[in-house]
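Order of the sequence lines fixes the chain letters, A, B, ..., with proteins taken first and strands second; residue numbering starts at 1 for each chain.
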2 protein chains.
Amino acid sequence: MPAAKSSKDEAIDAITDVFREFGFDGASLSRLSEASGLGRSSLYHYFPNGKDDMAQAAVERVSERASELVIGPLRAPGDPAMRVKAAAGGIAKFYEGGRANCLVNLFAFGEAGEAAPGAAKDMAAGLEDAFCAVARDAGFSPKEARLKAEHAIVEIEGALVVSRAQGSVAPFQRALARLPGVLTDR
Amino acid sequence: MPAAKSSKDEAIDAITDVFREFGFDGASLSRLSEASGLGRSSLYHYFPNGKDDMAQAAVERVSERASELVIGPLRAPGDPAMRVKAAAGGIAKFYEGGRANCLVNLFAFGEAGEAAPGAAKDMAAGLEDAFCAVARDAGFSPKEARLKAEHAIVEIEGALVVSRAQGSVAPFQRALARLPGVLTDR
DNA sequence: GTCTATAATAGGATAGAC
DNA sequence: GTCTATCCTATTATAGAC
């Protein structure tokens, strides 16, 4: 069985939510402290470099979830289109049905240093690689598969932006429904 | 001939660039002052409500450009696919080839009040309406055309996010090349 | 590890002279 | 319209006691 979550572990969950909701600049220490239930001093005890460390921990947490929910299903054996459908379900969970934001987008702005945005970019690259592999399994050339994978990421990121702007998850859901076609249709 | 640009008019251009590069929170008065060449007091003379007024002026400026560069070509007479191609050229200019960001995305985060994000959303809605009209001209039902227009906006917003994250405009350029297909192909 | 207190800075915004 | 000076607040971050 999994070990009981440590205090730091639970704090990272709360911290991650704050970054995803408010972005790097908007995630003030006050908000991070309140959400995590840790005082300022405790936060600096766990994260000596302050916000930058917290942002990095958030990206790591989010990357783990992406591996479980999205990359795992994509790498499973079976029909490529079915794997994409399974992954779409994972993506929906990962982004809370379209209500959560993507750290790749959020950390591209603001005073975040180098580490967190870089790690977020790496996560996106890993996702794209997994999409690429599934497109290759569907019979596409490496070049074609790479473009299809990029297209899939574009759809997801764009749908999140549009859904947030419109205050409705419908565009995100529709984009997810398009994903199998984007990745496996000729 | 157009009248000479006023001091305020030129300032709005500079201010718009700052918001597009740094987002609302990142656009500090120091940056806005330096970029516009106006002291703090002058900024508050032109924009009594401070940053919120400046952000609104930026959205207005950007909306005008979107009308000229994108909505105009979309509404021109002629073959729908050709109109979309012309609009794609305008979109490339509007987003500086993929290097500039979208205020709809940027103003969805941070301390921006209600007015500027709302105006940005209205601009996006106007763009979507124009896309929708061109899809209808291409023979699609109102419902189909609406979905295609949404899809086009999703592609553009997503491509901007991906291009920014990767530090390359290639994904944006490829998304633009897909636009005619998205809007006019069965 | 957590507390209280506090530093040090930057932020947005205003007042009044010119 | 622009300048200088200033205020208030919030921010990140640290120090030292417990």
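Applying the salt bridge (Lys or Arg N to Asp or Glu O under 4.0 Å) test to pairs two or more places apart or on separate chains, those with a residue in residues 151-175 of chain A are A:E155-A:R178, A:R174-B:E150. Pairs passing the salt bridge (Lys or Arg N to Asp or Glu O under 4.0 Å) check and including a residue from residues 99-116 of chain A, sequence neighbours excluded, read A:E111-B:R31. Residue pairs meeting the salt bridge (Lys or Arg N to Asp or Glu O under 4.0 Å) criterion with at least one member in residues 75-86 of chain B, sequence neighbours excluded, are B:R83-B:D137.
Where the helix from C:dG1-D:dC18 to C:dC18-D:dG1 starts and where it ends, the local axes point in directions that differ by 0°; five pairs per end, rounded to 10°.
Enclosure of atom CD in B:E34 is not indicated, since only 12 or fewer non-hydrogen atoms of other residues, nucleotides or ligands lie within 6.0 angstrom.
Legend: residues meeting side chain to side chain contact (heavy atoms under 4.5 Å, CB included) with B:A57, ordered by chain and number and at least two apart, are B:I12, B:F47. In terms of the side chain to side chain donor-acceptor pair (under 3.5 Å) criterion, residue partners of A:D9 (sequence neighbours excluded) are, by chain and number, A:R61. Take B:F131 and apply the ring-ring contact (aromatic ring centres under 6.0 Å, His included) test, not counting sequence neighbours, and it matches no residue. Under the ring-ring contact (aromatic ring centres under 6.0 Å, His included) criterion, B:F109 pairs with no residue at all, not counting sequence neighbours.
Think of the region where chain A sits on DNA chain C: with heavy atoms and a 4.0 Å cut, that region ends 5' and 3' at C:dG1 to C:dT4.
Nucleotides of DNA chain D nearest to A:N49 and B:H45 differ in position, and the one nearer the 5' end is that of B:H45.
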Checklist entry - How does each nucleotide of nucleotides 4-10 of chain D score, in 5' to 3' order, for protein heavy atoms under 4.0 Å: base (B), sugar-phosphate only (S), or none (-)? => result B------
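A:V182 and A:V162 fall into different hydrophobic clusters, where Ile, Leu, Val, Met, Phe, Trp and Tyr residues are linked whenever their side-chain heavy atoms come under 4.5 Å apart, directly or through other members. By the rule that hydrophobic residues join a cluster once side-chain heavy atoms approach within less than 4.5 Å of another member, A:L176 and A:V169 end up as members of separate clusters.
Per the geometry, CG belonging to A:L29 stands 12 Å off C1' belonging to D:dT14, to the nearest Å.
Expressed to the nearest 0.5 Å, how far CG of B:L127 lies from CG of B:D122 amounts to 12.5 Å. For the atom pair A:I91 CD1 and A:L74 CG, the distance stands at 7.0 Å (nearest 0.5 Å). Note that OH of A:Y95 is 12.0 Å distant from OG of A:S163, once rounded to the nearest 0.5 Å.
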Checklist entry - Do A:D25 and B:F22 pass the side-chain contact (heavy atoms from CB on, under 4.5 Å) test, and can you show the C-alpha distance, the side-chain angles, and the key distance before you say yes or no? => result CA-CA 11 Å; A:D25 290 350; B:F22 298 102; over 6 Å; no
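We find that A:R186 and A:E144 are joined by a salt bridge, their nearest charged nitrogen and carboxylate oxygen being less than 4.0 Å apart.
Residues from residues 10-24 of chain A that place a heavy atom under 4.0 Å from any atom of DNA chain D: there are none. Listed by residue number, A:K51 are the residues of residues 51-59 of chain A with a heavy-atom contact under 4.0 Å to DNA chain D.
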